[in-house]
Amino acid sequence: MSEGVLRRYREFLEITARTPMITMGEGSTPLVRSRYLEKAWGVGELYFKLEGCNPTGSFKDRGMVMAVAKAMEMGSTAIMCASTGNTSASAAAYGAYCGLTTIVLVPRGDVASGKMAQAMAYGPKIMVVDSTFDQALKMVRAFAAKHPVTLVNSVNPYRLEGQKTAAFEVVDDLGDAPDYLFIPVGNAGNITAYWKGFREYSDVGRAKRRPKMMGFQAEGAAPIVRGEPVLEPRTVASAIKIGNPASWKEALVARDESGGIIGAVSDEEILTAYRLLASKEGVFGEPASAASVAGVMKLSKGGVDFSRAQVVCVITGTGLKDPDLASQQTDTPLQRLPPEMEALERALEEVLRGSGARSRPSTGSG
Ligand code: AN7
């Protein structure tokens with residue numbers, strides 16, 4: 001059976017004898033070294049933390065497993081959240097796994113189709129609200145304060161407790177904290193959780209240093225960068241289309257204590273990074289995730305010297321979450337082919353020449 005984050009990092013979490021040690025196999029995600037962008041952008045060492053490899057395809061599972069375990073420990077039978085998609089998918093999955101009633105509110109028209117289909121598959125109560133994410137979050141906060149349901153948005157402190165384990169893993173894999181941690185920022189829970197994780201690990205001596213926290217918002221949804229809430233956030237990266245982040249203050253603390261920045265990248269930069277990440281690195285992340293990579297691209301092209309730095313980019317969710325955008329963003333042609341070997345050889349003549357592949361004698365055995 002998978003270890004899961006509750007067992008792997010139990011000494012750093014608030015686990016009691018009565019905490020159900022549930023797991024769907026979250027955590028222990030790959031840290032992959034770049035083979036192309038690192039050189040293209042002149043970075044000393046560039047790594048991608050593949051959080052799309054979690055059970056529901058995003059980092060949310062780390063926090064959800066902790067929030068759900070504590071909800072059950074306290075006798076709760078219902079969980080609730082507002083979401084741009086990934087939190088609702090994760091809540092619905094863990095809710096189904098644990099037999100809880102799950103209620104999710106999503107902003108109408110703002111959730112990628114893969115997340116919507118996924119959330120629906122788990123069978124929660126889903127309500128589509130004619131509002132932004134920020135308004136839906138306000139509604140669930142008010143509702144949960146009044147009724148017997150556990151709020152599992154990142155304002156639930158156990159969510160961030162679970163999510164901080166990703167920082168532990170980065171240190172465990174690299175042997176120390178990296179110089180820089182690039183991360184997309186929406187509701188600002190994850191940047192807060194990573195910073196907490198890095199701090200705790202260095203406090204107990206498991207890391208000798210702490211990284212600079214480099215958070216990136218989308219330009220049209222960059223309240224922290226602008227210094228005021230954005231009433232009508234706009235961005236192609238629907239996961240981070242958030243105008244009034246719940247962990248705003250905590251994100252500023254992470255930025256300032258670490259000597260990092262919170263910056264903005266345009267949708268164009270996000271999409272360029274999104275395409276490069278998939279086509280040059282084989283890493284298919286969702287658009288919001290590409291904001292972290294766009295951040296490295298923007299700063300390195302803007303003259304920041306990363307040539308001696310160790311840089312980690314958090315790829316927060318899988319590209320499969322947003323198949324419509326993926327189809328729009330690719331120029332890979334689909335070629336029709338009659339079902340004949342000769343046609344296949346004709347069609348691939350140039351491809352093989354272009355790849356430098358040498359023809360070789362047939363072995364006769366196929
Ligand atoms: C892929 O699911 O807010 O700054 O409701 O799905 O911790 O909010 C998702 C956020 C980055 C931003 N990448 O993280 C939700 C939700 C992906 C995300 C973020 C989200 P936070």
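All of these numbers come straight from a predicted model, not from anything done at the bench. We count ligands from 1, going down the list as the structure has it; atoms in each ligand are counted the same way. Counting begins at 1 with the first residue of the sequence.
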What do we get for Ile240 next to ligand 1 when only non-hydrogen atoms under 4.0 Å count, side chain, backbone, both or neither?
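Near ligand 1, Ile240 shows its side chain, while the N, CA, C and O stay back.
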Ligand 1 versus Lys60, non-hydrogen atoms closer than 4.0 Å: side chain, backbone, both, neither?
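The part of Lys60 near ligand 1 is the side chain, not the backbone.
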So is Ile242 touching ligand 1 or not, going by heavy atoms under 4.0 Å?
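Flag set, Ile242 near ligand 1.
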Nearest protein heavy atom with distance in Å, relative to atom 18 (C) of ligand 1
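Looking only at protein heavy atoms, the one closest to atom 18 (C) of ligand 1 is Ala239 CB, 3.5 Å.
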Any carboxylate oxygen within less than 4.0 angstrom of a Lys/Arg side-chain nitrogen, looking at Lys70 and Glu73?
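Yes.
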Assess whether a salt bridge exists between Glu281 and Arg35, defined as any Lys/Arg side-chain N lying under 4.0 Å from an Asp/Glu carboxylate O.
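Salt bridge between Glu281 and Arg35, a charged N being under 4.0 Å from a carboxylate O: no.
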Run through Glu51, Gln163, Arg62 and flag the one making a side chain to side chain donor-acceptor pair (under 3.5 Å) with Asn190.
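For Asn190, the side chain to side chain donor-acceptor pair (under 3.5 Å) test succeeds with only one of Glu51, Gln163, Arg62, which is Gln163.
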Could you note down all residue pairs passing ring pair (Phe, Tyr, Trp, His ring centres under 6.0 Å) where residues 33-90 supplies at least one of them, sequence neighbours left out?
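Matches after skipping sequence neighbours: none remain.
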Could you tell me whether some N/O pair between [X] and ligand 1 is separated by less than 3.5 angstrom?
{"X": "Gly317", "answer": "no"}
{"X": "Lys115", "answer": "no"}
{"X": "Ser289", "answer": "no"}

All N/O donor-acceptor pairs, side-chain side in residues 90-97, below 3.5 Å, sequence neighbours left out:
from	atom 1	to	atom 2	distance (Å)
Ser90	OG	Asp61	OD1	2.6
Tyr94	OH	Glu26	OE1	2.7
Tyr97	OH	Thr23	O	3.3

Near Thr87, which atoms of ligand 1 are under 4.0 Å from a heavy atom of that residue?
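Answer, ordered by atom number: 2 (O), 5 (O), 15 (C), 16 (C).
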May I ask you to list the atoms of ligand 1 that are less than 4.0 angstrom from any heavy atom of Val185?
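So the answer, numbered in order with elements, is 4 (O).
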Can you tell me if Arg8 and Thr165 form a side-chain donor-acceptor pair at under 3.5 Å?
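There is no such pair (donor and acceptor under 3.5 Å, judged by atom type) between the side chains of Arg8 and Thr165.
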